[in-house]
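Some notes on the structure that comes next.
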Amino acid sequence: MRDKRLDFLRRGRGERFKPLPDQELEKLPDDVWHKCLGCRELLYDKDLEANVWVCPRCGYHHRITVHERIAMLSDEGSFVETNHALRSLDPLEFTIRDRSYKDRLLQAEKDAGVSEAVVTGVATLDGVPISLAVMVMEYLGGAVGSVAGEKITRAVERAHQDGRGLVIVSQSGGMRMHEGLFSLMQMAKTSGALARLQQAKLPFISIIADQTYGGATASWVALGDVIIAEPGARVGFSGPRVLQAIKVRLADDVQKAEFMLQHGMIDLIVPRPQLRGTVIQFLHHFKGHMRCAAQVVPSQANGSAGNQRRKDEK
Ligand SMILES: [Zn+2]
């Protein structure tokens with residue numbers, strides 16, 4: 001009788017390592033294992049998720065979705081999105097590489113699953129009322145046009161109006177060239193609103209995620225009462241592509257959070273698993289100046305946290 005256990009000895013090498021057919025591959029779950037972008041180790045998704053997508057081996061901070069950020073920085077069910085109906089227009093009828101800005105906006109919305117490069121809303125964090133803005137790198141590289149700038153400004157004004165703390169998580173390639181001067185004006189607009197918030201003695205906690213460049217760094221990001229960065233976050237004024245174009249070479253570590261901390265541009269670097277606790281600590285510290293007693297209506301807005309997977313890392 002033929003011993004099936006010895007079949008592998010009879011098969012040729014090619015046969016033994018035959019790849020699975022496409023139909024079989026499609027059946028395999030694609031969200032079980034994740035290859036760390038820092039150390040290349042294969043990690044179990046559940047472990048990574050439990051550690052807010054920070055590699056337990058090398059500490060690499062993987063990009064997380066806007067929904068995961070919101071869930072991390074608000075009390076469960078407390079986030080209510082604001083100004084989600086605002087949409088960018090195409091004031092300059094801008095076209096780049098034969099593709100109109102309008103087309104790119106539609107594509108960006110499809111890619112990112114949100115309607116702009118920033119999601120804003122009100123929430124509570126450990127019971128403290130906050131106005132929260134989280135930028136979305138997947139939407140045109142987090143570039144800030146007139147609507148993203150307007151949404152950030154309104155988030156600042158909402159904090160001012162209600163007497164809330166303000167928390168902004170920034171990740172941005174800079175201002176949106178498709179809107180030219182209209183986008184550059186957002187730097188002055190957001191800064192003006194923040195000056196009024198400062199006069200009201202309301203706290204602004206600015207959080208820098210990887211990567212934050214250009215006009216974002218040159219305006220609201222640098223105006224936080226407390227400026228916190230995630231470890232290894234790339235932050236600076238000119239992004240690598242701009243530096244390459246103008247033929248400037250900088251040392252690799254110059255535009256990193258650690259370099260910025262050494263040179264006094266930011267206040268502290270906090271690993272993501274401790275970020276929520278640190279923000280809560282600061283909010284309680286500044287709570288005396290807040291006067292918001294508004295009850296936040298529970299919503300399902302952040303219920304989908306964790307369901308959207310990052311396409312860029314697959
Ligand atoms: Zn790793």
Side-chain angles (χ1 to χ4, degrees), residues 63 66 69 83 86-92 94 96 101 104-105 108 112 114-120 131-157 159 166-198 204-230 233-246 248 250 254-257 259-260 263-267:
R63 190 180 291 171
V66 61
R69 285 257 177 227
N83 298 305
L86 290 185
R87 293 284 197 287
S88 289
L89 297 174
D90 184 8
L92 306 179
F94 195 87
I96 183 169
Y101 176 40
R104 285 176 187 271
L105 287 171
V114 290
S115 60
E116 246 309 322
V118 62
V119 175
T120 57
S131 176
L132 178 64
V134 180
M135 298 198 66
V136 188
M137 201 66 186
E138 291 77 11
Y139 192 101
L140 289 178
V144 179
S146 41
V147 167
E150 177 66 20
K151 286 181 80 170
I152 290 172
T153 305
R154 288 189 188 188
V156 179
E157 288 172 346
L166 173 69
V167 179
I168 301 181
V169 182
S170 303
Q171 45 182 175
S172 168
M175 294 295 130
R176 201 178 291 174
M177 61 172 182
H178 314 71
E179 293 185 27
L181 193 61
F182 294 105
S183 65
L184 291 176
M185 281 159 59
Q186 307 312 311
M187 295 166 66
K189 192 166 79 179
T190 50
S191 302
L194 282 168
R196 288 191 289 277
L197 189 79
Q198 191 192 28
F204 166 32
I205 298 170
S206 176
I207 299 170
I208 298 170
D210 185 60
Q211 326 161 11
T212 304
Y213 288 121
T217 312
S219 52
W220 71 85
V221 171
L223 292 173
D225 294 303
V226 183
I227 306 174
I228 305 172
E230 288 189 339
R234 286 164 286 179
V235 50
F237 185 64
S238 304
R241 268 195 289 180
V242 176
L243 291 176
Q244 204 177 13
I246 59 173
V248 172
L250 296 175
V254 167
Q255 292 192 316
K256 283 274 178 77
F259 182 90
M260 295 293 177
H263 291 80
M265 297 290 288
I266 60 173
D267 297 307

side-chain contact (heavy atoms from CB on, under 4.5 Å) between Lys256 and Arg234, intermediate numbers included: CA-CA 5 Å; Lys256 283 274 178 77; Arg234 286 164 286 179; 3.9 Å; yes

Test log, rule side-chain contact (heavy atoms from CB on, under 4.5 Å), inputs Asp267 and Asp225: CA-CA 9 Å; Asp267 297 307; Asp225 294 303; over 6 Å; no

Reference residue Glu116; test side chain to side chain contact (heavy atoms under 4.5 Å, CB included); the match among Lys151, Arg87, Met135, Glu150: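 Of the listed options, the one satisfying the test is Lys151.
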
Member of Val226, Val169, Ile227 meeting the side chain to side chain contact (heavy atoms under 4.5 Å, CB included) criterion with Ile207: Val169

Charged N-O contact under 4.0 Å between Arg69 and Glu230: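 Salt bridge between Arg69 and Glu230, a charged N being under 4.0 Å from a carboxylate O: yes.
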
Presence of salt bridge, Glu179 and Arg104, under 4.0 angstrom: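 Answer for the salt bridge query: no.
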
Would you say that [X] contacts [Y] through its side chain, given a criterion of any heavy-atom pair below 4.5 Å between the two side chains?
X: Leu166; Y: Ser131; result: yes
X: Val144; Y: Arg176; result: no
X: Arg63; Y: Glu138; result: yes

Just distance, no hydrogens or angles: give the donor-acceptor pairs under 3.5 Å from side chains in residues 213-223, sequence neighbours left out.
from	atom 1	to	atom 2	distance (Å)
Thr217	OG1	Thr212	O	3.3
Thr217	OG1	Gly236	O	2.9
Ser219	OG	Gly215	O	2.7
Trp220	NE1	Ser170	OG	3.0

Heavy-atom pair of closest approach, residues Ala159 and Leu197: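 Scanning both residues completely, I find the closest heavy atoms to be CB-CD1, 3.9 Å.
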
Heavy-atom pair of closest approach, residues Ala257 and Ile266: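 In terms of heavy atoms, the two residues are closest at O-CD1, 3.4 Å.
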
Is the number of heavy atoms from other residues, nucleotides or ligands within 6.0 Å of [atom1] ([X]) greater than 12?
X: Met265; atom1: CE; answer: no
X: Phe182; atom1: CZ; answer: no
X: Leu92; atom1: CG; answer: yes

Under the ring-ring contact (aromatic ring centres under 6.0 Å, His included) test, residues paired with Phe94 that sit two or more places apart: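 Listed in chain order: His178.
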
Derivation of the side-chain contact (heavy atoms from CB on, under 4.5 Å) call for Leu86 and Arg154: CA-CA 11 Å; Leu86 290 185; Arg154 288 189 188 188; 3.9 Å; yes

